[in-house]
Amino acid sequence: MIRAADADSYRGLPTLHPVHEEICGAIRHALREDGNELAARPEAIDELTAQACAVFDEVVAMVTGGASPDAVTAGDPAAPPDADDRPRRGLDWAHSLRAGTALFEVMLPIALRELAPAGEAAAARVSVLLHQAVLARVVRGSLARMTSLPDRALALRQDERRHIARELHDRVLHEIGLALQGIDMHQYHAESSPALARAKLNRAAGLLRQAVYTLQHFTTELRRSVGEGGLERALRSYLDTHADPAVDITVRTSGDLLALPPYVSEEAYLILREAVRNALRHAAPSRLDLAVEVTDSALYAAVTDDGCGFLVGATPGGNGLSSMRERAKVLGGELSLSSAPEVGTVVEVRAPLWERDL
């Protein structure tokens with residue numbers, strides 16, 4: 001069985017074989033002529049041309065080695081596309097099937113010229129091997145992306161629900177238990193000490209009101225965060241409900257936030273919500289600014305506060321920061337944090353929009 005050539009070995013080489021250079025140039029030209037958005041993304045072009053060189057050498061090895069079309073495989077199907085199990089930022093193969101088609105159309109005449117197959121049957125065999133090699137990589141990349149994103153998102157949601165379950169146990173059940181004790185003490189003191197009984201009952205009522213408030217808070221958390229109104233409306237709704245009126249809050253948006261894919265809006269909302277919650281809970285800010293910018297190829301968002309700030313790295317980050325970083329990775333992006341004592345904190349997230357038009 002012929003194993004797929006490793007595309008990583010073609011990245012960053014100072015020189016390429018003349019045929020590889022021809023393939024790379026032809027692919028760039030074909031994408032520009034086709035109007036494919038990947039033509040304007042250097043990292044995507046680098047990924048595609050590296051894959052093309054690997055595919056070409058793979059087909060040459062199969063033809064010269066006498067392999068049958070059934071022998072083509074894109075490496076170990078169980079292995080992730082990258083060592084760290086992250087999809088490449090430059091190219092989403094599932095969303096770039098047109099690029100795979102362009103790759104085949106560009107490479108076929110070059111492969112036929114270089115291999116010079118004797119007869120129509122041999123030429124057809126080259127075409128089939130090339131088609132299968134390209135398709136195998138498209139399918140493998142698609143499956144890797146389709147499984148990695150939902151799996152990470154699911155793990156994050158499970159962590160969040162475990163946190164809520166702990167809070168329900170530690171806070172709500174505790175408050176209800178104390179309230180029930182207060183009711184029992186009210187009944188015990190009702191005849192002998194009416195004033196004390198009334199105080200016990202009032203305290204129980206207060207605890208029950210607090211338990212109801214906590215349950216309402218968690219009910220909101222468990223609902224779907226971003227509905228049909230989109231990311232901006234969800235953020236404003238959260239701020240209206242949870243922000244201290246004394247804090248001066250601004251929300252600035254740019255671009256078409258409603259065009260974001262649902263999973264991007266959801267993860268971005270959860271990142272920004274956590275950043276806002278941390279600022280309001282720990283930083284005691286007088287001002288809080290949210291900015292969200294959407295372009296054809298990227299999402300940028302930031303939460304800036306003028307609170308107490310802290311020395312980054314001086315204190316261990318909590319689960320909230322880890323969760324934000326992981327959610328940014330789910331989007332194929334990254335999260336950055338900057339802060340200084342008495343200055344404030346800035347949390348920024350940047351993510352590519354591979355699937356904007358799905």
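Numbers for residues simply follow the sequence, beginning at 1.
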For the atom pair OG1 (Thr241) and CZ (Arg236), what is the distance rounded to the nearest 0.5 Å? 13.5 Å
Are side-chain heavy atoms of Cys24 and Arg28 found at a separation under 4.5 Å? yes
Should Leu201 and Leu178 be counted in the same cluster of Ile, Leu, Val, Met, Phe, Trp and Tyr side chains packed under 4.5 Å apart? no
Are there over 12 heavy-atom neighbours, none belonging to His131, within less than 6.0 Å of that residue's NE2? no
Please report the interatomic distance CZ(Arg203) to CD1(Ile183), rounded to the nearest 0.5 Å. 12.5 Å
How close do Glu22 and Arg113 get, heavy atom to heavy atom, and via which atoms? OE1-NH2, 2.7 Å
Report yes if the side chains of Leu235 and Val226 come closer than 4.5 Å at any heavy-atom pair, otherwise no. no
Test log, rule side chain to side chain contact (heavy atoms under 4.5 Å, CB included), inputs Val276 and Leu288: CA-CA 8 Å; Val276 168; Leu288 187 68; 3.9 Å; yes
Once you round to the nearest 0.5 Å, how far does CZ of Arg287 lie from CG of Asp289? 4.0 Å
Less than 4.5 Å apart, any side-chain heavy atom of Val294 and any of Leu260? yes
With side chain to side chain contact (heavy atoms under 4.5 Å, CB included) as the test, would you mind laying out the steps for Thr253 and Leu290 before giving the verdict? CA-CA 8 Å; Thr253 63; Leu290 276 76; over 6 Å; no
Does a side-chain heavy-atom distance below 4.5 Å link His20 with Asp57? yes
Heavy-atom distance under 4.5 Å between the side chains of Tyr263 and Leu331, does that happen here? yes
Ile27, Leu112: one ILVMFWY side-chain cluster at the under-4.5 Å cut-off? yes
The test is side chain to side chain contact (heavy atoms under 4.5 Å, CB included); show your working for Arg125 and Val63 and say whether it passes. CA-CA 8 Å; Arg125 177 170 171 270; Val63 171; 4.0 Å; yes
Between atom OG of Ser286 and atom CG of Asp306, what is the distance when rounded to the nearest 0.5 Å? 3.5 Å
Asp305 CG to Thr345 OG1 distance, which is reported to the nearest 0.5 Å: 4.5 Å
Shortest non-hydrogen pair, Ala133 vs Val59, comes out as CB-CG2, 4.1 Å
Would you check if the side chain of Glu175 reaches a backbone N or O of Ala211 as a donor-acceptor pair within less than 3.5 Å? yes
Using side chain to side chain contact (heavy atoms under 4.5 Å, CB included), reason through Lys200 and Tyr188 one step at a time and then give a plain yes or no. CA-CA 10 Å; Lys200 296 292 184 182; Tyr188 178 79; over 6 Å; no
Could you walk me through whether Arg327 and Glu267 pass salt bridge (charged side-chain N to carboxylate O under 4.0 Å, His left out), step by step? CA-CA 6 Å; Arg327 290 189 188 282; Glu267 297 303 326; 2.8 Å; yes
In terms of heavy-atom contacts, Ala118 and Ala122 come closest through O-CB, 3.6 Å
Taking every heavy atom of Ser339 against every heavy atom of Val312, the minimum-distance pair comes out as N-CG2, 3.7 Å
Looking only at heavy atoms, what is the nearest atom pair of Arg325 and Leu335, with distance? NH1-O, 3.1 Å
Is Val303 reachable from Val251 through a run of I, L, V, M, F, W or Y residues, each pair having side-chain heavy atoms under 4.5 Å apart? yes
Is the closest side-chain heavy-atom distance between Leu321 and Glu274 below 4.5 Å? no
Treat each ILVMFWY residue as a node, draw an edge where side-chain heavy atoms are under 4.5 Å apart, and state whether Phe104 and Val55 are in one component. yes
Here the pair of heavy atoms bringing Leu353 nearest to Ala298 is CD1-O, 3.5 Å
Taking C-beta and beyond as the side chain, do Val346 and Leu337 meet within less than 4.5 Å on heavy atoms? no
Please check if Tyr300 and Ile271 belong to a single hydrophobic cluster, counting links between Ile, Leu, Val, Met, Phe, Trp and Tyr side chain heavy atoms closer than 4.5 Å. no
pair Val60-Glu114: side-chain heavy atoms closer than 4.5 Å: no
Value rounded to 0.5 Å, distance of CG in Leu130 from CE in Met107: 5.0 Å
